[in-house]
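Order of the sequence lines sets the chain letters (A, B, ...), proteins ahead of strands, with each chain counted from 1. Values below: all heavy atoms of this structure, side chains included; hydrogens, waters and symmetry mates excluded.
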2 protein chains.
Amino acid sequence: MAKPQTPPEPDKNKEVKEQILRAAKTLFTTRGYDGTSVRQICEEADVSLALVSYHFGGKEKLFYELFNPIREIFRNQQFDLADPEKALKQFCMEFVRNRYSENELINILQQELLMNSPRLDMLTDVFLPSWDHLRQILQACKQCDIIECPSVDTAVRFVMGTLMYSIQLPFLNQSGPAQTPEETARFAADYVLKGLSRR
Amino acid sequence: MAKPQTPPEPDKNKEVKEQILRAAKTLFTTRGYDGTSVRQICEEADVSLALVSYHFGGKEKLFYELFNPIREIFRNQQFDLADPEKALKQFCMEFVRNRYSENELINILQQELLMNSPRLDMLTDVFLPSWDHLRQILQACKQCDIIECPSVDTAVRFVMGTLMYSIQLPFLNQSGPAQTPEETARFAADYVLKGLSRR
DNA sequence: GTCTATACGCCGATAGAC
DNA sequence: GTCTATCGGCGTATAGAC
């Protein structure tokens, strides 16, 4: 089916929706869910107040829709548990890449996780798969005596902490030249593997 | 000492202030600054709405006062840069202990850091000393060729991530028996040292 | 589909009685 | 020092014109 032609605009509808999504993403990132008002979003997006409810059905639904782009990413990830060490390395590198490319959404997610927000129920498919994959990988690593840790849970948290903080932090005026995502990914995988390795 | 009996109350003033502080701490932790209303705090503390303004001068000042107990802790920390490896180990262990004993405040702090909130300006003396200490320690370690990293900034973030996530996370139903803070502190120091060590 | 105007509730802060 | 009552403002959501 071709475009509906001449009418007012080509895809004005989609355009407005995406403008709202863009504004919402940056605002939620820097002010949090409760710190961001629909008014601010619409002002930033340069559209009228009513359009968030019209296009998304309200602030909360807009919030959830923000995460649609990364829902697939995490769902489609696969790791070969037969080679746990390689799987761990692969997990770390892919996570860091995603940490960089989806910085804002993962920041928002971290805020929500930290306060155990009531919105998490609608976001489990966004964040749980990663935690589960990592846990399975580390479980396998431990069984093969590749790593050493008091409990798999603890190792999961340590690794996740490492990977979550792999990106530059806004509140530090980081001086020198920034690493590339790929460099950081390699270093992260190294750091994790060495850190968990049996002495 | 028996109860002071008949006078109005012994330290009702202090008692009310502390009740408000307690309620504020738990609410800010689980709902964030903007997600928590003064009304909720007062209801939870079982005092009337006006008392937050009366005793603290408003919501924001109450928020800042929450952190007073840990301001000293971080300011008074000292590390001997002459023995960087020992300093790093000490830093990790002390941070993890604090992470456990001041779980709620550090959670709140993390939320604020993550969204680079405008309130951070009044909290620099709470969180900056730790980041600075860690950076100095890692700088020293790197100069002595004890550790290896693409940049000190990156190492700082990795270590902080590890330590921040050293505590149990509310959104994971963590199965097995929890580690003690001391066990976790030891493991964290090990993980960090091994992770950063030259191969 | 997009706008303006408005409904209605909760927000933080304070005035004034006790 | 603590309460209740209330202020002005901003929150989300929607009705109705275009």
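Nucleotide C:dG1 holds its P atom 12 Å from the CD1 atom of A:I20, rounded to whole Å. Following rounding to the nearest Å, A:Q40 (CD) and D:dT12 (P) show an atom-to-atom distance of 8 Å. We find that NZ of B:K17 is positioned 15 Å from C1' of D:dT2, with the value rounded to whole Å. Between the CG atom of A:D34 and the P atom of C:dG12 there is a distance of 11 Å, given to the nearest Å. Protein atom CD of B:Q19 is 10 Å distant from nucleotide atom P of D:dT2, rounded to whole Å. One interatomic measurement links the two molecules: CD1 of B:I41 to P of C:dG12, which rounds to 8 Å at whole-angstrom precision. Counting to the nearest Å, the P atom of C:dG12 and the OH atom of B:Y33 are 8 Å from each other. Atom CD in A:E43 sits roughly 18 Å away from atom P in C:dT2 (whole-Å rounding).
Nearest approach of B:D153 to A:G176, heavy atoms of both residues: OD2-N, 4.1 Å.
Side-chain contact between A:V52 and A:V47: absent, with no pair of heavy atoms (C-beta onward) separated by less than 4.5 Å.
None of B:E182, B:E183, B:E102 except one satisfies the salt bridge (Lys or Arg N to Asp or Glu O under 4.0 Å) rule with B:R97; the exception is B:E182.
For A:K59, counting side-chain heavy atoms from C-beta on, the closest listed nucleotide (C:dT4, D:dT2, D:dT12) is D:dT12. Listed nucleotides D:dA13, C:dC3, D:dT2 differ in distance to B:V16; the shortest reach to its side chain belongs to D:dT2. Comparing D:dC3, C:dG12, C:dC3 by their closest approach to the side chain of B:V38 singles out C:dG12.
At most 12 heavy atoms of other shown residues, nucleotides or ligands fall within 6.0 angstrom of atom CD in B:E85.
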Exercise for review: Using a 4.0 Å heavy-atom cut-off, write out nucleotides 5-10 of chain D from 5' to 3' as B (base contacted by protein), S (sugar-phosphate only) or - (no contact).
Suggested key: -B----
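We find the NZ-CG distance between B:K89 and B:D83 to be 11.0 Å, quoted to the nearest 0.5 Å. Annotation: the span from B:L105 atom CG to B:T29 atom OG1 amounts to 7.0 Å, rounded to 0.5 Å. From A:Q110, atom CD reaches atom CG of B:L113 across 10.5 Å, with rounding to the nearest 0.5 Å.
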